[in-house]
A.B. asks: 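My structure is below; once you've seen it, I'll send some questions.
By convention in this document, chain letters (A, B, ...) are assigned in the order of the sequence lines, proteins followed by strands, and residues within each chain are numbered from 1.
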Number of protein chains: 2
Amino acid sequence: MMSSTDLEIKLRSAGVRPTKPRMALGGVLFGNGDRHVTAEQLHSESVSEGIRVSLATIYNTLNVFTEAGLLREVAVEGHKSYFDTNTSNHYHYYVEDEGRLMDIENDQITVSGLPSTPAGMKVSRVDIIVRLEKDAE
Amino acid sequence: MMSSTDLEIKLRSAGVRPTKPRMALGGVLFGNGDRHVTAEQLHSESVSEGIRVSLATIYNTLNVFTEAGLLREVAVEGHKSYFDTNTSNHYHYYVEDEGRLMDIENDQITVSGLPSTPAGMKVSRVDIIVRLEKDAE
DNA sequence: ATAGCTGCAAATGCTTTGCAAGGCC
DNA sequence: GGCCTTGCAAAGCATTTGCAGCTAT
């Protein structure tokens, strides 16, 4: 858990004004360890916890948090964005049958053999998604 | 270039009926080396080459080709799917400023340190996207 | 002949936006 | 007070679907 004071500091440090909806959503997002949510998931979860926010505000808040570096957006497949509360460098499993995203709990992953970056460009991020399906065994 | 006979064989072997639109789109897709296109790009390119197809057919064809294993779909970021004519195992650069996808021309890439796959699951595919931005140098 | 395609337009799903009312510093 | 934020509903995009007519085998 994270105290509301800590949360307020977290938001302020990132340059995000701690409004009531942002504090409430921040509590849901950052109060329970690393999470991966879609806008729709966050909305229904918030509503069922008694937080009354519109879906527009959910999107707005997720975007503001992402731009402020509090969340990381993960593209898995068209028409659905996942937001990850773990902004450190790490990779993901994606369970295709369930549409569920998980962190790969291992910081030993290394990618080798990458060619040199094209001239005038630099790497902004490396995304790795390991897609999983049920074992037909 | 690929002859229309070869293209027809390619489609038939994949279990895809070689209709007129499919042959025409197949020519655009497979006639010029490895490509990465969005539906919209393929549509406007086809139209400017005098191929009259509706956007619905573009989507339908891309999906049929993908299911038949002739294309591979790459998720880069919300609201846009890229289709790659290179279906072999390889990874991508994504140039963020231009929305352009490129194959990483190197088969030396290896990923090590992956933890064992969760029980009952197997890896269906590993996607790696190296995001590039302009070097601010 | 008949199962499968295509095109059109309407529908869908996710996300953004315009604008008036309200909240934060 | 003034600027930023919220909510609602409407708009926007990319993609899919229903259906009547057409095509490949």
A.B. asks: Measure the shortest side-chain to side-chain distance between A:R22 and A:L11 over non-hydrogen atoms and say whether it is less than 4.5 angstrom.
C.D. replies: yes

A.B. asks: Using 30° and 60° as the class boundaries, would you call the ring planes of A:H90 and A:H36 parallel, tilted or perpendicular?
C.D. replies: tilted

A.B. asks: Quick one: do A:R35 and A:E45 make a salt bridge, cutoff under 4.0 Å?
C.D. replies: yes

A.B. asks: Go through D:dA9, C:dC25, D:dT23 for me and flag the one nearest to the B:R17 side chain.
C.D. replies: D:dT23

A.B. asks: Can you tell me if A:S81 touches the phosphate of C:dC14, counting only side-chain N or O atoms and a distance under 4.0 Å to OP1 or OP2?
C.D. replies: no

A.B. asks: Identify, between B:E73 and A:S54, the residue whose nearest nucleotide on DNA chain D lies closer to the 5' end.
C.D. replies: A:S54

A.B. asks: Any salt bridge linking B:R72 with B:D127? Criterion: basic side-chain nitrogen under 4.0 Å from a carboxylate oxygen.
C.D. replies: yes

A.B. asks: Out of D:dC3, C:dC5, C:dG7, which nucleotide sits closest to the side chain of B:V53?
C.D. replies: C:dG7

A.B. asks: With the side chain of A:Y59 defined as its heavy atoms from C-beta on, choose the nearest nucleotide among D:dT17, C:dC5, C:dC14.
C.D. replies: C:dC14

A.B. asks: Between C:dT15, C:dT6, D:dT16, which nucleotide gets closest to the side-chain atoms of A:L55?
C.D. replies: C:dT15

A.B. asks: Write down the atom of A:L114, the atom of B:V130, and the distance for their closest heavy-atom approach.
C.D. replies: CD2-CG2, 4.0 Å

A.B. asks: Can you tell me how far P of C:dC24 sits from CZ of A:R22, to the nearest Å?
C.D. replies: 11 Å

A.B. asks: Establish, from distance only, whether the side-chain atoms of A:E73 and A:S81 form a donor-acceptor pair under 3.5 Å.
C.D. replies: yes

A.B. asks: So, OP1 or OP2 of C:dT6: does either fall under 4.0 Å of a side-chain N or O from B:N60?
C.D. replies: yes

A.B. asks: May I ask you to verify if any side-chain N or O of A:R12 is less than 4.0 angstrom from the OP1 or OP2 atom of C:dC25?
C.D. replies: yes

A.B. asks: Side-chain N or O of A:T19 versus OP1/OP2 of D:dT6: is the shortest distance under 4.0 Å?
C.D. replies: yes

A.B. asks: By nearest atom, which of the nucleotides C:dG13, D:dC8, C:dA9 is closest to the A:H79 side chain?
C.D. replies: C:dG13

A.B. asks: Can you tell me how far P of D:dC22 sits from CZ of B:R52, to the nearest Å?
C.D. replies: 14 Å

A.B. asks: In a check of side-chain contact (heavy atoms from CB on, under 4.5 Å) between A:I58 and each of A:N60, A:T61, A:L62, which one passes?
C.D. replies: A:L62

A.B. asks: Rounded to whole Å, please give me the gap between CD1 in A:I58 and P in D:dC8.
C.D. replies: 12 Å

A.B. asks: For the helix from C:dA1-D:dT25 to C:dC25-D:dG1, what is the angle between the axes at its two ends, each from 5 pairs, rounded to 10°?
C.D. replies: 40°

A.B. asks: Select one nucleotide: of C:dT15, D:dT6, C:dC8, the one nearest the side-chain heavy atoms of A:A39.
C.D. replies: C:dT15

A.B. asks: Rounded to whole Å, how long is the line connecting atom CZ of A:F65 with atom C1' of D:dC4?
C.D. replies: 15 Å

A.B. asks: Roughly, in whole Å, what's the span from CD in A:E8 to C1' in C:dC24?
C.D. replies: 11 Å

A.B. asks: Nearest-Å distance, NE2 (A:H43) to C1' (D:dC8)?
C.D. replies: 12 Å

A.B. asks: Can you tell me which nucleotide in D:dG7, C:dG7, C:dC25 comes closest to the side chain of B:T57?
C.D. replies: C:dG7

A.B. asks: Starting at atom CD of A:E77, determine the distance to atom C1' of C:dC14, rounded to an integer number of angstrom.
C.D. replies: 14 Å

A.B. asks: Can you tell which of C:dT6, D:dA9, C:dT15 lies closest to the side chain of B:P21?
C.D. replies: C:dT6

A.B. asks: Rounded to whole angstroms, how far apart are CG on A:L42 and P on C:dC14?
C.D. replies: 15 Å

A.B. asks: Could you list the cluster mates of B:V47? Members are the ILVMFWY residues connected by side-chain heavy atoms closer than 4.5 Å, either directly or through other members.
C.D. replies: none

